[in-house]
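Here is the structure we will look at.
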Amino acid sequence: MSSFSPEAAQWFNLLAHEHQRRVLQDVTVAHYGNGALIARKGETADHWIGVMDGLIRISVGNADGKVASLTGIPVGGWLGEGSILKKECRKYDVVALRDSYVARLPSRTFEWLLDNSIPFNRYLLDMLNERVGQFIGRAEHDRLLNADARVARCLAELFNPLLYPGLKQRLAITQEEMGYLARVSRQRANQALKKLEGEKLLRVEYGAVSILDLDGLRRYGA
DNA sequence: TCATTAAATTGTT
DNA sequence: AACAATTTAATGA
């Protein structure tokens, strides 16, 4: 998937044809290898970023090189609108968790869509609302939950059908990647996944997980 | 297409 | 963190 794909950008399908044309004209797609920095904290935010293929992570690192993962973004997720809207520098690092293809929409185009497309505004509003809810829920529980529950919540977030409509019920993610997102060791992620599988909330596959009970995962540990 | 081998991922200590 | 077992991907006949 080395070019822009509307399947990984649900908002694109909502646009009028003339708006779609401009997007296709302005958007670029680049490949990022495992662990590569897609956008770094502090630099000017002049693009809206979307995941065409792969999996990326938003994180904030401190001086020690320790990283606290904030959230993972799978195929179909778009991010960085906050920095564009407020004309700020990026507040977080964005890194590829594995080989990924990333689309960039210039901020001028982004703002042009804001001014001219009602469907685009509608989409952004829904998305921001959903994201606020996600972060509030996280801030509330994050520190209190054990590793099992963190893995469960993490997966539930990745499968958010509104933010990432591209995902059906199966996500290609290794247990190591899962560990990076939930901030647990790979071994612990393995244990957690097996426990959740035992409770019939998901199914563990080779290099992937399938969700059986999304609500159950959301509620896990509550 | 099948068999062999290498690489990636998982399960366990 | 290390190691063995398992699954997938790649290669070549």
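Lettering follows sequence order; numbering is per chain, from 1. Hydrogens, waters and symmetry mates are skipped; everything else that's a heavy atom, side chains included, is used.
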If I take atom [atom1] in residue [X] and atom [atom2] in nucleotide [N], what distance separates them, rounded to the nearest angstrom?
X: K194(A); N: dT6(C); atom1: NZ; atom2: C1'; value: 12 Å
X: L193(A); N: dT10(B); atom1: CG; atom2: P; value: 9 Å
X: Y180(A); N: dT9(B); atom1: OH; atom2: P; value: 12 Å
X: R186(A); N: dT9(B); atom1: CZ; atom2: P; value: 10 Å
X: E176(A); N: dA8(B); atom1: CD; atom2: P; value: 11 Å
X: Q191(A); N: dA1(C); atom1: CD; atom2: P; value: 16 Å
X: E197(A); N: dT10(B); atom1: CD; atom2: P; value: 12 Å
X: M178(A); N: dT9(B); atom1: CE; atom2: C1'; value: 16 Å

With a 3.5 Å distance limit and no angle check, can you tell me whether [X] reaches the backbone of [Y] through a side-chain donor-acceptor pair?
X: S100(A); Y: R98(A); value: yes
X: N34(A); Y: D99(A); value: no
X: S117(A); Y: F120(A); value: yes

Hey, does the side chain of N190(A) come within less than 4.0 Å of dG11(B)'s phosphate (OP1/OP2), counting only N and O? yes
Please work out whether the ring planes of W48(A) and W11(A) are parallel, tilted or perpendicular, with thresholds of 30° and 60°. tilted
Of all the choices, dC3(C), dT9(B), dT13(B), which nucleotide is nearest to the side chain of Q187(A) once you look at every atom? dT13(B)
